[in-house]
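For reference, the structure is listed below as structure tokens.
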Amino acid sequence: MNKREFLRTSAVTGLGLLLGDRIWAGFAGLSPEQIAQDDAFWTAIRAKYRLKPDYINLESGYYSMQATPVLEAFIAKVREINYQASFYLRGPQVPDKAAARDKLAALAGCSPAELCITRNTTESIATVVSGIDWKAGDEAVQAEQDYGHMLAQFRLTARRHGIVNKLVNVPLHPRDDDEIVRLYAGAITPRTRLLMVSHMVNVTGQILPVPKIADMAHARGVDVLVDGAHAFAHFDFKIPDLGCDYYAASLHKWLGCPLGTGILYVRRDKIPALWPIYGDWRMTDDTDIMKLNHTGTHPVHTDLAIENAIAFHNLIGIGRKEARLRYLQNYWTDKVRQMPNVVLNTPADPRRSCAIANVAVKGVTPADLSKILLDKYRIWTNAVDSESAGVHGVRVTPHVFILPRELDVLVKAIGEIARTA
């Protein structure tokens with residue numbers, strides 16, 4: 001099959017084509033910060049999504065829908081692979097998946113030889129944690145605010161290999177980066193082998209100073225694993241610039257890929273020492289990251305649609321996307337931060353957050369707050385109620401298809417709930 005025909009449904013060859021030449025002409029010379037506040041541009045982007053009218057979707061942090069051009073390309077790939085069946089799997093699958101990996105590596109700023117496509121962040125984290133040759137008494141550092149399944153993987157490893165897990169508690173509103181770096185540094189001992197840190201804390205949206213933490217850990221001989229589930233394609237960075245040894249992320253969140261797509265980055269010199277979870281013929285070459293990527297027979301159409309999601313993402317532009325997402329978060333948090341009975345669990349410093357924020361109302365449980373927002377105001381959010389993490393509130397995660405007028409509904413709702421709490 002002609003590759004151009006195979007990819008023709010992506011329909012994203014330029015912002016002029018995506019939005020219309022007349023619309024794009026009015027924005028071509030504007031900075032990302034200027035475009036971030038112009039709803040005409042984002043209304044045109046919004047039109048590329050099919051949105052359910054029953055509620056305002058402020059829970060894109062778990063799974064964000066694909067834009068329609070990406071979805072249609074994905075569906076076309078499902079049909080085509082079903083049509084070609086084993087002929088495709090035994091032939092074109094390998095170079096096509098390699099092409100998708102190359103584009104992901106370009107987006108991540110790393111070598112394709114350091115990156116593989118996984119199903120999600122959890123799988124990527126588990127691949128690293130399970131692949132280290134642990135000895136009883138070895139130590140690993142994590143935070144109470146890390147994602148629960150990641151912490152569970154370390155607990156499983158402790159049961160199996162006798163390692164010791166040491167947890168720090170990240171402040172919701174740190175004074176500066178040094179406070180956070182010192183916190184992690186204080187948990188490191190001569191027996192520490194691995195430090196895991198969230199690039200963006202999933203329950204609050206706080207962005208942690210990963211490069212500074214990595215520098216500190218490396219100076220003490222400790223490897224660094226980054227949970228980037230909420231950071232990748234959310235704001236602008238390149239993985240090698242973080243200075244970490246391992247990076248894991250999901251692509252079905254902020255990149256807008258189909259469910260079941262993620263990445264694992266392993267710095268090239270760290271690949272040989274990692275054991276694969278599953279046996280694979282490539283394990284004879286310990287320098288090949290693909291030894292960690294044995295998936296068996298896999299729904300390859302899911303991976304192939306990554307190219308279309310990247311194309312859509314690049315058309316918007318990471319600078320414009322980051323600016324818009326930060327603008328949306330600040331738009332509503334600035335309005336509610338000083339309301340009586342309202343608590344923001346996300347730092348006010350715009351450098352420490354982007355789209356995600358967490359809000360609470362005194363006297364109202366997170367579950368009740370989330371239920372009231374949905375039942376009375378038709379706003380879909382996610383309740384977070386964690387004693388260990390010290391976070392009690394609802395997580396609000398608007399994506400690029402959300403408009404300020406919808407966030408005005410959220411602001412009004414929080415104000416009314418807080419007045420009657």
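One-based numbering along the sequence shown.
Counting heavy atoms from C-beta outward, P366 and V384 have side chains that stay 4.5 Å or more apart. The shortest distance between side-chain heavy atoms of L104 and L251 falls below 4.5 Å. By the 4.5 Å heavy-atom criterion applied to side chains, V411 and M339 are counted as neighbours. Within the 4.5 Å cutoff, the side chain of I45 has no heavy atoms near those of the F401 side chain. You'll find the side chain of Y63 reaches within 4.5 Å of the side chain of L259, heavy atoms only. In this structure the side chain of L30 never reaches within 4.5 angstrom of the side chain of F41, judged on heavy atoms. The shortest side-chain heavy-atom distance between R419 and E416 falls under the 4.5 Å cut-off. Put simply, the side chain of H399 reaches to within 4.5 Å of the side chain of K321, judged on heavy atoms.
Expressed to the nearest 0.5 Å, how far CG of L410 lies from NZ of K335 amounts to 11.5 Å. Here the NE2 atom belonging to H149 is positioned 13.0 Å from the CD1 atom belonging to I125, to the nearest 0.5 angstrom. Rounded to the nearest 0.5 angstrom, N293 CG and T118 OG1 are separated by 7.5 Å. Here the straight-line distance linking atom CD of E406 with atom CG of N57 works out to 9.5 Å at 0.5 Å rounding. To the nearest 0.5 Å, the span separating OG on S370 from CG on D385 amounts to 11.5 Å. Here CG of L115 is found 7.5 Å from CG of L264. Values are rounded to the nearest 0.5 Å.
The closest donor-acceptor contact from the side chain of K97 to the backbone of I117 lies at 3.5 Å or more, if one exists at all. A donor-acceptor pair is defined here as one N or O able to donate and one able to accept, closer than 3.5 Å; such a pair exists between the side chain of T397 and the backbone of G61. A donor-acceptor pair is defined here as one N or O able to donate and one able to accept, closer than 3.5 Å; such a pair exists between the side chain of K291 and the backbone of P272. Side-chain atoms of D176 come within 3.5 Å of backbone N or O of E179 as a donor-acceptor pair. In terms of modelled atom types and a separation under 3.5 Å, the side chain of T127 and the main chain of E123 share a donor-acceptor contact. Remark: side-chain polar atoms of Q142 are not paired, donor with acceptor, to backbone N or O of M196 under 3.5 angstrom. T346 contributes a side-chain N or O that, together with a main-chain N or O of N358, makes up a donor-acceptor pair within less than 3.5 Å. Looking at T295, its side chain never comes within 3.5 Å of a backbone N or O of H298 through a donor-acceptor pair. In this structure a side-chain-to-backbone donor-acceptor pair under 3.5 Å is present from R326 to P350. Proximity of a side-chain donor or acceptor of W42 to a complementary backbone N or O of Q37 within less than 3.5 Å is not detected.
Residue-environment remark: OH (Y62) stays at or below the threshold of 12 foreign heavy atoms within 6.0 Å. Counted within 6.0 Å of CZ on R352, heavy atoms from surrounding residues, nucleotides or ligands total more than 12; the atom is thus considered enclosed. A 6.0 Å sphere centred on CZ of R79 holds no more than 12 heavy atoms belonging to other residues, nucleotides or ligands.
For A113 against I271, the heavy-atom pair with the smallest separation is O-CD1, 3.6 Å. Here the shortest heavy-atom pairing between A418 and V361 reads CA-CG1, 3.7 Å. In plain terms, the two heavy atoms of L325 and H234 that are nearest each other are CD1-CD2, 3.6 Å. Closest approach of V342 to I414, counting heavy atoms only: CG2-CG2, 3.7 Å. Across all their heavy atoms, C244 and R267 have their closest contact at O-CD, 4.1 Å. Looking at every heavy atom in both residues, N202 comes nearest to Q145 through ND2-O, 3.6 Å.
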**Message:** Run E59 and R395 through salt bridge (charged side-chain N to carboxylate O under 4.0 Å, His left out) and show every step you take.
**Reply:** CA-CA 8 Å; E59 171 49 350; R395 188 181 70 176; 3.1 Å; yes

**Request:** Would you please test D303 and K77 for salt bridge (charged side-chain N to carboxylate O under 4.0 Å, His left out) and show each step?
**Result:** CA-CA 10 Å; D303 293 350; K77 295 176 196 304; over 6 Å; no

**Asked** Could you walk me through whether R50 and M65 pass the side chain to side chain contact (heavy atoms under 4.5 Å, CB included) check?
**Response** CA-CA 9 Å; R50 183 183 176 216; M65 69 189 71; 5.8 Å; no

**Item:** Verdict with reasoning, D146 to S198, per side chain to side chain donor-acceptor pair (under 3.5 Å)
**Value:** CA-CA 6 Å; D146 289 332; S198 293; 2.7 Å; yes

**Prompt:** Checking side chain to side chain contact (heavy atoms under 4.5 Å, CB included) for the pair L255/L107: CA distance, chi angles, key distance, verdict?
**Reply:** CA-CA 11 Å; L255 188 55; L107 189 64; 4.1 Å; yes

**Message:** Using salt bridge (charged side-chain N to carboxylate O under 4.0 Å, His left out), reason through D39 and R324 one step at a time and then give a plain yes or no.
**Reply:** CA-CA 10 Å; D39 286 349; R324 177 62 171 186; 3.2 Å; yes

**Request:** Would you please test C110 and Y247 for side chain to side chain contact (heavy atoms under 4.5 Å, CB included) and show each step?
**Result:** CA-CA 11 Å; C110 66; Y247 194 95; over 6 Å; no

**Message:** For a side chain to side chain contact (heavy atoms under 4.5 Å, CB included) check, start with the C-alpha distance between L304 and E80, then their side-chain angles and the critical distance, and finish with the verdict.
**Reply:** CA-CA 11 Å; L304 298 181; E80 184 60 30; over 6 Å; no

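F312 and Y49 have perpendicular rings, their planes meeting at more than 60° on a 0 to 90° scale where under 30° would count as parallel.
Exactly one residue among K270, H218, R193 makes a side-chain hydrogen bond (donor to acceptor under 3.5 Å, both in side chains) with D223. That residue is K270. With H199 as the partner, the ring-ring contact (aromatic ring centres under 6.0 Å, His included) test is satisfied by one option alone out of F237, F232, Y147: F237.
For the 3.5 Å distance criterion, the side chains of Q329 and S353 qualify, holding a donor opposite an acceptor. In this structure, a donor-acceptor pair under 3.5 Å is present between the side chains of S250 and T121. Checking S31 against Q34 by side-chain atom types alone, a donor-acceptor pair falls below 3.5 Å. For the 3.5 Å distance criterion, the side chains of R220 and T192 fail to qualify, holding no donor opposite an acceptor.
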